[in-house]
Number of protein chains: 2
Amino acid sequence: MTTEKRRAPAGAAVLRGEITTAIRRALMQELAEVGYGRLSIEAVARRAGVSKTAVYRRWSSKVELVLEIVAAAAHGKLPVLDTGTLRGDLALLFQAVAHALRHPLASQIIPDLLAEAARNPAIDETLRQVLHARQQEVGGRLVTRAVQRGELPADTDPDAAVDLIIGPLYWRLAIARAPITDTYLGTLVESVATGLGAEPAVPRPRGAVAPSAHA
Amino acid sequence: MTTEKRRAPAGAAVLRGEITTAIRRALMQELAEVGYGRLSIEAVARRAGVSKTAVYRRWSSKVELVLEIVAAAAHGKLPVLDTGTLRGDLALLFQAVAHALRHPLASQIIPDLLAEAARNPAIDETLRQVLHARQQEVGGRLVTRAVQRGELPADTDPDAAVDLIIGPLYWRLAIARAPITDTYLGTLVESVATGLGAEPAVPRPRGAVAPSAHA
DNA sequence: CAACGACGGTACGGTTGCGTCCCGACGTGT
DNA sequence: ACACGTCGGGACGCAACCGTACCGTCGTTG
């Protein structure tokens, strides 16, 4: 019988966590530096100070390596937000997103992978799970609560709301790569809130012509 | 004297436009299919049914090739918009952007190049000229006119306005790659307009709790 | 009509990365 | 204390691509 129990790997015959960690870190840096397209296992191993075999023992292919690590890194980043007001929720969410995208690694890796997702179904699938679905969920909850509070119209489309919430911030941080100030975030909160259908926080100041003063 | 005038290239010794065109088309397809990172001159030439030399005679490097062609393709795409109302301008702009991004080539190439721009200064520079500057200009004009009409507050920040205008649409089309309907575009116009500070088109319907309706 | 000269295509060496195989090293469990 | 079994590392053959040099072809110009 060869079905007897094999001895469990032990001692030196077990994966060393430090090396796994080094590979993870090297992958992130390499991904940010050259992008998914040019990413090579060889370069990752080189940067990690590790042999290629060390990588192949852990992940069997480039896409598997990237997906596992990226998915893990993207988990547990969004706060449970419930501040009691739409604007509070938005401000908190924006802070979290801005914080995450300020990491140079994230701000380079995420757009790169999102672009790659357009042609790689496996990446697309993973990103939809760890990013899109999460956003839809968080955005959906945010909208739902605001509707229940009466801050937003009952027929607010959560789908469109998510676009309006995440779009401008993503554009500015990841695409335009323009600086962000607290003032800007404050303005954005107000814009998005009113854009979604909330009452303006303050009576709208008008420009040269002031139709609201006619009442 | 060797400074005499050389005979101008003529006959077979002149670049054949058909081949240049074939290379341009092949580049676009290749760029959409594998992305800038994996793009190889060899594959472009192969797809164009042309020799590598034909490519190298016209462009000396990969980045030059991509930049020249992409910059050319991005020119003259945005309409001169002045419909007389903020919402009209927005609707027209959205239609144009949506139309452009519906092209499969554009919707794959643009995010890819934008991601690449984060690590390639030459690409960044070019894209800023052909995309960002243009958007800022168009968006700035749109906002300025709306302010003059009294549709928007005088202190509207054109910079933030551009983010709010382009962000959601870009997100949905290029990143989320969700379908777009005329209804959606209409909702988006209204959201962005009010988000920018315009008066709502219709009195805001409130949800379950309606503090404004208690009067 | 003949010479010109850049054309497009092939062939080439060099570089890089892939995925695999083999080897000595090493820490644990018997 | 020894045998076990996986570890990490280096080496290998293979494939793709880069950028260049060369070569015969072809239309125009004098």
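Below, chain A is the first sequence line, B the second, and so on; all start at residue 1. Scope of the values below: all heavy atoms of this structure, side chains included, with no hydrogens, waters or symmetry mates.
- Listed by chain and number, the residues in a salt bridge (Lys or Arg N to Asp or Glu O under 4.0 Å) with B/Arg38 amount to none (sequence neighbours excluded).
- Dashed line: the shortest gap from a side-chain N or O of B/Ser51 to OP1 or OP2 of C/dG8 is not under 4.0 Å.
- Judged purely by atom type and a 3.5 angstrom limit, A/Ser191 has no side-chain atom pairing as donor or acceptor with the backbone of B/Leu196.
- Taking atom CZ of A/Arg47 as the reference point, atom P of C/dT16 lies 16 Å away to the nearest angstrom.
- For residues 99-131 of chain B, the pairs satisfying ring pair (Phe, Tyr, Trp, His ring centres under 6.0 Å) are B/His99-B/His103, with sequence neighbours left out.
- For residues 168-178 of chain A, every residue pair satisfying the salt bridge (Lys or Arg N to Asp or Glu O under 4.0 Å) rule, not counting sequence neighbours, is listed here: A/Arg172-B/Asp159, A/Arg172-B/Asp163, A/Arg177-B/Asp124.
- For DNA chain D, none of the residues of residues 16-34 of chain B falls under the heavy-atom distance limit of 4.0 Å.
- Panel note: side chain A/Lys52, backbone A/Ile41; no donor-acceptor pair is recorded below 3.5 Å.
- Side chain of A/Gln135 to main chain of A/Val162: no donor-acceptor pair is present (N/O by atom type, distance under 3.5 Å, no hydrogens or angles).
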Polar atom pairs between nucleotides 15-22 of chain D and protein, under 3.5 Å, N or O only, would you list them?
from, atom 1, to, atom 2, distance (Å)
D/dC17, OP2, B/Arg46, NH2, 2.9
D/dC18, OP1, B/Ile41, N, 2.8
D/dC18, OP2, B/Ile41, N, 3.4
D/dC18, OP2, B/Glu42, N, 2.9
D/dG19, OP2, B/Tyr56, OH, 2.8
D/dG19, N7, B/Lys52, NZ, 2.9
D/dG19, O6, B/Lys52, NZ, 2.4

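- Judged as a salt bridge (Lys or Arg N to Asp or Glu O under 4.0 Å), and not counting sequence neighbours, the contacts of B/Arg16 are B/Glu18.
- Side-chain atoms of A/Arg25 do not come within 3.5 Å of backbone N or O of A/Ala48 as any donor-acceptor pair.
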